[in-house]
Amino acid sequence: MHKYLQLQNELETLIESLSYRDGDRLPSIRELASRYQCSKSTVIRTLDELEKRHLIYSVDRSGYYVVKKQRKIQPADTSVIDFSTSAPDPDLFPYVDFQHCINKAIETYKNDLFIYGTTQGLPSLIAVIAKLLGNHQVFTDPGNIFITSGVQQALSLLCSLPFPNGKETILIEQPSYHLFIESLQVRKHPVVGIKRTAQGIDLEELESIFRTGEIKFFYSMPRYHSPLGTTYSRKDKQRIVELAQQYDVYLVEDDYMADLEHDSKADPLFTYDRFSRTIYLKSYSKIIFPGLRLGVAVIPDALKDSFNQHKRLMDIDSSMLSQAALEIYLKSGMFERHKQKIRSSYQRRSNLLMASLNHFANQEHLFTFQPFAYPGIHTHIVLNDSTPVHAVINQLKKRSILVDATDKNYLVSFPQENILKLNVSYAKETVIEQGIEVLMDVLRRMHR
């Protein structure tokens, strides 16, 4: 056995046997070389391997430290097939990687974590994000990027601050993001809706609302819409941007699932906007884990100062520790590896769901369904009017299948469709087809 492998095994055994506690500093490279009678290059190679495996982490001019051990996660209830939860699958959470990043962030930024940061966000993180946004065809100056406590905070701020167009009414797709809808109604912001289906929205109706509705901004999820799962065509995106410029309306683009995109030619609204009317929002919650609570907002020059002021008054800054850990996670290449892993997993689940639904849709007439070329984690079926969606949900629950309606995804005053939404981010690949078969059995029985 090579000397560096022997040393690696011995150090790993010491770490796992608790000879070293969480956060303990390892002996120096010189000390290890002397103790194990090997060269410094052998020690360095060994430490590099252990760091790649996230058993230790390095701190410049300080040394190597033991990474906090991973705690065992309680297994999920495998007797339930869950098509209702939109959170990421806990089995795909990058626990160990992110623990490594948090530990390293504490050491690297220990002098910065005990003071207030900037309202805009950690400058070094913003620089990293500015480069990554370019991968999504969002090219912007770092001075226009704000780190927020999730997309919800950004939306709350945008509703509160005055816009250059002097308008107040917010236009939102129906159905749409349920927490934003609840926020708008609780805070009594003037809001109107526009119907969105698997085919998109009626652009003539959109133009009419833009022309007569005194619209401050139009909130949209152009790709991987929640809860429908649909994506606008390139032509529709271009037309929406043109109408926004023509009628002095701003666009708030929620691109929360951008990292799952498979089509390299699919660009956001932001790409087509030559008039700086698009506010681009992005989240890391759906692809890393919800508790991270960090979002990105790209704010046009005309709104930048006002947004900065309102954000400072709301929370001074977003969590510095989370920002520092995210920066290390993004720069290290861990995020790219995790993104590929979770994208592949979700694609397999989505393809299973699409194939199952398509199979039954072609044979029976219990629902209508629109297959997607590039599925995300959401989709939906429209039930026959004779089949009440809540009755279906109750029957499925008795058979340990969890699904959800879209009641909360509509404004109270807006007519609702008889939609059953389905999500695969939490459902295991091995049970997706089984779950859809049970769904079909329930629909047949209720139809009869």
Side-chain angles (χ1 to χ4, degrees), residues 11-12 15-16 20-26 46-73 87-115 117-118 120-133 135 142 145-151 256 258-260 282-296 317-343 345:
L11 287 178
E12 185 176 345
I15 291 171
E16 292 180 347
Y20 288 109
R21 293 178 299 175
D22 301 342
D24 279 355
R25 184 178 180 275
L26 292 177
T46 300
L47 295 175
D48 284 346
E49 289 295 324
L50 291 175
E51 186 169 21
K52 287 177 183 177
R53 295 174 58 198
H54 315 304
L55 295 173
I56 63 174
Y57 64 96
S58 62
V59 177
D60 291 343
R61 296 184 293 277
S62 179
Y64 289 84
Y65 294 80
V66 175
V67 171
K68 186 177 180 181
K69 310 299 186 299
Q70 182 180 7
R71 304 302 191 245
K72 290 185 178 180
I73 308 302
D89 183 347
D91 289 344
L92 298 176
F93 284 4
Y95 293 106
V96 177
D97 283 6
F98 213 78
Q99 282 180 344
H100 169 96
C101 294
I102 289 174
N103 289 337
K104 191 158 187 175
I106 291 172
E107 289 299 325
T108 305
Y109 292 99
K110 56 188 174 184
N111 295 326
D112 300 313
L113 297 179
F114 300 99
I115 60 174
T118 67
Q120 187 180 354
L122 185 65
S124 52
L125 172 61
I126 288 174
V128 173
I129 285 177
K131 292 180 180 179
L132 291 179
L133 287 178
N135 296 334
I145 297 174
F146 286 80
I147 307 300
T148 61
S149 300
V151 166
Y256 76 112
D259 292 301
L260 294 187
K282 184 181 184 302
S283 171
Y284 288 97
S285 297
K286 294 295 185 188
I287 196 163
I288 302 179
F289 42 78
L292 183 61
R293 303 309 304 148
L294 287 182
V296 175
D317 60 16
S318 300
S319 167
M320 286 292 289
L321 177 58
S322 293
Q323 290 187 67
L326 180 59
E327 179 202 346
I328 292 168
Y329 189 64
L330 296 175
K331 287 173 64 177
S332 67
M334 293 181 190
F335 175 68
E336 189 60 34
R337 291 194 298 273
H338 170 68
K339 185 171 73 173
Q340 296 303 325
K341 173 184 175 182
I342 202 169
R343 179 191 287 172
S345 177

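This one's a predicted model, so the numbers in the text were calculated from it and none came from an experiment.
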Residues forming a side chain to side chain donor-acceptor pair (under 3.5 Å) with S345, sequence neighbours excluded = R349
query = Which residues pass the side chain to side chain donor-acceptor pair (under 3.5 Å) test with S124, sequence neighbours left out?
reply = Y109, E327
Side-chain heavy atoms of [X] within contact of [Y], under 4.5 Å:
| X | Y | answer |
| --- | --- | --- |
| L330 | Y284 | yes |
| Q323 | S318 | yes |
| L294 | I288 | no |
| I56 | L11 | no |
| K282 | I129 | no |
| L326 | L122 | no |
| M334 | C101 | yes |

remark   = Here the pair of heavy atoms bringing D259 nearest to R343 is O-NH2, 3.1 Å
note = What one should report as the nearest heavy-atom pair of L321 and A105 is CD1-CB, 4.3 Å
message = Over 60° means perpendicular and under 30° means parallel, so tell me whether F98 and Y329 are parallel, tilted or perpendicular.
response = perpendicular
Output the distance between atom [atom1] ([X]) and atom [atom2] ([Y]), rounded to the nearest 0.5 Å.
| X | Y | atom1 | atom2 | answer |
| --- | --- | --- | --- | --- |
| I342 | F335 | CD1 | CZ | 9.0 Å |
| F146 | Q120 | CZ | CD | 5.0 Å |
| S322 | L125 | OG | CG | 10.5 Å |
| I126 | T118 | CD1 | OG1 | 5.5 Å |
| S332 | K104 | OG | NZ | 8.5 Å |
| Y57 | I106 | OH | CD1 | 7.0 Å |

query = Given I145 and L133, is the side chain to side chain contact (heavy atoms under 4.5 Å, CB included) satisfied, shown in steps?
reply = CA-CA 10 Å; I145 297 174; L133 287 178; 3.9 Å; yes
ask   = So with a 6.0 Å cut-off around NZ of K339, is the heavy-atom count from everything else above 12?
value = yes
request  = Could you walk me through whether R293 and S319 pass the side chain to side chain contact (heavy atoms under 4.5 Å, CB included) test, one step at a time?
outcome  = CA-CA 9 Å; R293 303 309 304 148; S319 167; over 6 Å; no
ask   = With sequence neighbours excluded, what pairs up with Y64 under the ring-ring contact (aromatic ring centres under 6.0 Å, His included) test?
value = none
